[in-house]
Each structure stands twice: as C-alpha cells, then as structure tokens.
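All values reported here derive from a predicted model rather than from experimental measurement. Residue numbers start from 1 in every chain, and the chains themselves are labelled A, B, ... in the order their sequence lines are given, proteins ahead of strands.
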Number of protein chains: 2
Amino acid sequence: MSVVRKTKSVNTLTTIFNESTSALSVVNLVNRLKSQMNKTTVYRVLERLENDGMLHSFIGVDGLKWYAKCTEDEETHQNHTHPHFQCNDCGKVECLDVTITIPAIKNKQIESANFLITGQCENCK
Amino acid sequence: MSVVRKTKSVNTLTTIFNESTSALSVVNLVNRLKSQMNKTTVYRVLERLENDGMLHSFIGVDGLKWYAKCTEDEETHQNHTHPHFQCNDCGKVECLDVTITIPAIKNKQIESANFLITGQCENCK
DNA sequence: TTGATAATGCAACAAAGTTGCGTTAAATTT
DNA sequence: AAATTTAACGCAACTTTGTTGCATTATCAA
Ligand SMILES: [Mn+2]
Ligand SMILES: [Mn+2]
Ligand SMILES: [Zn+2]
Ligand SMILES: [Zn+2]
C-alpha cells in the first residue's frame, strides 16, 4: 500500500484515469494539470498509484512514459503483459486486450515483455 | 544513400558495430567516444547509418535509444520487425532471431511493432 | 591543386525527469 | 475540537538525453 493519504492530487489523477479509456502520457498530464498541481507531484502520485497496482506504465515510441489503468484482472493477478497500440496519426495510445505468445528463447530467462504496436486507429485509418 | 563521405567518425562507428554482437546505446557510445568525436557527431552519424540501412534503432526499457547492426536480410528486405532482449542484470541488449506473430487487431491498421523482452541473459541467469 | 559542400565541433538550448528541503495538510491521537 | 504526527506537496535547482545554428574543417571530385 503505497498511497496512504487521499489527497486532492491523488483524487484528481484517479478520476482522470477512471474516466479515460486510453493511456495518458506524463507530459500530457503535467501540461493539463499545470494550474492544479506541481509536475513533481504528478510524477510522484503516478508512481504511487502504479505501486498500488491501480496503474501500469510503459514507454511509448517517442521514449515518453505513459500510464494506463489496470483492469480488475491485472490488479489481482499481476498479469500485466499485454501489448499497447499507438496511433501514428492522432497519437492516441491504448491497451490491447490480445494475447501475444512469446516463444521460448534458448539460454535466456524471460521476466517481462513490452509490446508496442503502431499504426492507424479506428478513427484515423 | 545518406552517407556520402567516408569520414573518420563514420569509420569508427562502422567498425564498432561490425565488431559488436550486441546492441549499443547512444549514451554508451557518446561516453566511450568522448575523446574522439563530439556527441552531436555520434547522434548524426548514427542517424545517417540508419538511413542507409546499415543500422536500426529502438527504445530500451529505460527509454534510451539503442542501435544495432542490421542483418544482410534486413538490409535488403527491410524486414526489421524482430524482438529485442535486454538483460536486467548486466544490461546487455541483443536482437533476437525469432518471429513473433502479431494477431490482427480489429479496426486498426498495423504499421510496425516493437517488442522488448527483459530478463536474464545466458551469462546472468 | 583547387573548389564545392558534406560533415564536424562547439556552445547554447530544449525537454523529460529527479532531488533536497522547507512547508502544508491529511489522518490519527488526545 | 484542538493538538500532534508525518505523508505528501511546492518550489527551485539540477541531471540527463537529445537537438539546433553556425562557423570551421576535411572529404571528394573536377
Ligand atoms: Mn496497458
Ligand atoms: Mn535489432
Ligand atoms: Zn488515431
Ligand atoms: Zn546479462
């Protein structure tokens, strides 16, 4: 349990992620919350929410950090290995509910996998 | 043809990649070549070598940019979609010669895919 | 050897993310 | 309800990665 106090910042970010269907970049959040909280706070709250299992993070094509809400299944079973999709046209990033099977790689111990698929989303293709 | 002059910097970096079996991060290259060339030059030469099809790049787990030599097959057929492996213990990054099949994702047009698998390499597991 | 210009060095900059520390405000105790 | 504790915050300064503009250098071909 990383978040021990329900602060205004925690509530704001929790609400944003609960109301969003897509992933959100830290840069985006820092910008739109500029008047409400400090950028350091954004980084720290997101980190805590991830530790709590509410959010998960990944790196986008541009190298920026993105966060998305975990599904109930993920929160309980820590099954966080799903691919992400980033639209090259509108920039939207989403979690994909598909399973990608990783072949066994000889002499290597696999711990986690990050899949990032890019292309055109439903609105842009 | 992006590289039109065989400069000392181009030769240095070409040799490094020809002699390396693993991928190399730009940060690493900038550091070890500090006495030989400017960091701007490192960035620019790598960009040109990638445009020429000799190297390909990808983003590591840490968000840093990595480069690796393309295989002959990749140089000719532009078949650059292979996974990469990053060792969590020693930090080594390699290209993996395995095929990962991306399932069709409805309502989305897939353009490219980045796969990054992390774990322990042969030396560290 | 000379001339055109691709490539480099350098310094300044931009953007993402981190750190330290004093202050504020949640939550708990009295 | 007031006092206490300390998690969380704001702010400023900093670090790191990567980029840009421009003067200078060195490659290559005429
Ligand atoms: Mn996701
Ligand atoms: Mn590769
Ligand atoms: Zn789109
Ligand atoms: Zn290793």
Side-chain angles (χ1 to χ4, degrees), chain A residues 1-17 23-68 84 86 91-93 114 116, chain B residues 1-17 23-68 84 86 91-93 114 116:
Chain A
M1 207 120 297
S2 192
V3 174
V4 302
R5 293 188 187 179
K6 284 266 170 65
T7 64
K8 202 176 169 186
S9 304
V10 168
N11 286 331
T12 302
L13 280 161
T14 302
T15 305
I16 286 175
F17 277 96
L24 299 165
S25 73
V26 183
V27 172
N28 175 287
L29 290 167
V30 167
N31 279 331
R32 63 198 265 201
L33 296 173
K34 202 166 289 176
S35 59
Q36 301 176 52
M37 71 187 83
N38 190 268
K39 75 169 174 177
T40 312
T41 304
V42 177
Y43 279 98
R44 294 200 269 224
V45 170
L46 292 173
E47 191 178 40
R48 270 180 281 146
L49 293 178
E50 182 171 29
N51 288 339
D52 276 13
M54 181 203 163
L55 302 179
H56 62 280
S57 68
F58 53 94
I59 306 293
V61 276
D62 35 22
L64 299 189
K65 198 164 192 181
W66 291 74
Y67 281 88
H84 293 103
Q86 184 157 10
K92 187 170 74 176
V93 175
N114 298 290
L116 187 55
Chain B
M1 207 119 298
S2 192
V3 174
V4 302
R5 292 186 186 181
K6 283 266 170 65
T7 65
K8 202 177 171 185
S9 304
V10 168
N11 286 330
T12 302
L13 279 161
T14 302
T15 305
I16 286 175
F17 277 96
L24 300 164
S25 73
V26 183
V27 171
N28 175 285
L29 290 166
V30 167
N31 279 332
R32 63 199 265 201
L33 295 173
K34 202 166 288 177
S35 60
Q36 301 175 52
M37 71 187 83
N38 190 269
K39 74 169 174 177
T40 313
T41 306
V42 177
Y43 279 97
R44 293 199 270 225
V45 170
L46 293 173
E47 191 178 40
R48 270 180 282 144
L49 293 178
E50 182 171 29
N51 288 339
D52 276 13
M54 181 202 164
L55 302 179
H56 61 280
S57 68
F58 54 94
I59 306 293
V61 274
D62 36 23
L64 298 189
K65 199 166 192 180
W66 291 74
Y67 281 88
H84 293 103
Q86 185 157 9
K92 187 170 74 174
V93 175
N114 297 292
L116 187 55

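With hydrogens and angles disregarded, a donor-acceptor distance shorter than 3.5 Å links the side chain of B:D52 to the backbone of B:V3. In terms of modelled atom types and a separation under 3.5 Å, the side chain of B:E50 and the main chain of B:S57 share a donor-acceptor contact.
Put simply, CG on A:D52 is 15 Å from P on D:dA7, counting in whole angstrom units. Note: CD (A:E47) to C1' (D:dA7) measures 14 Å, nearest angstrom.
Each of B:L64 and B:K8 was matched to the nucleotide of DNA chain D holding its nearest heavy atom; the match closer to the 5' end belongs to B:L64.
Taking 3.5 Å as the limit, the base of D:dG10 and the side chain of A:R44 contain a donor-acceptor pair of atoms between them.
Residue-level contact check: A:S2 touches the backbone only, with heavy atoms under 4.0 Å from sugar-phosphate atoms and none from bases. In this structure, A:V42 reaches neither bases nor backbone, as no heavy-atom distance under 4.0 Å exists between it and the strands shown.
Residues A:H84 and A:W66 are not in side-chain contact: their nearest non-hydrogen atoms beyond the backbone lie 4.5 Å or more apart. B:L64 is not listed as a side-chain neighbour of B:V26, based on a closest heavy-atom distance of 4.5 Å or more. Looking only at side-chain heavy atoms (C-beta outward), B:Y43 and B:V30 come within less than 4.5 Å of each other. A:Y67 is not listed as a side-chain neighbour of A:I16, based on a closest heavy-atom distance of 4.5 Å or more.
Where DNA chain C meets chain A (any atom under 4.0 Å from a heavy atom), the bounding nucleotides read 5' to 3' are C:dA16 to C:dA27.
Looking at B:K34 and B:N31, their side chains do bring a donor and an acceptor atom within 3.5 Å of each other.
Contact annotation: B:T7 side-chain N/O to D:dT27 OP1/OP2 distance is not under 4.0 Å. Checking the phosphate oxygens (OP1, OP2) of D:dT6, no side-chain nitrogen or oxygen of A:R5 falls inside 4.0 Å.
Using a 4.0 Å cutoff on non-hydrogen atoms, the parts of residues 27-41 of chain B near DNA chain D are B:V27, B:K39, B:T40, ordered by number.
For the residue pair B:I59 and B:L116, the shortest heavy atom distance occurs at O-CD2, 3.6 Å. Taking each heavy atom of B:S2 and B:R48 in turn, the nearest pair found is OG-CG, 3.3 Å.
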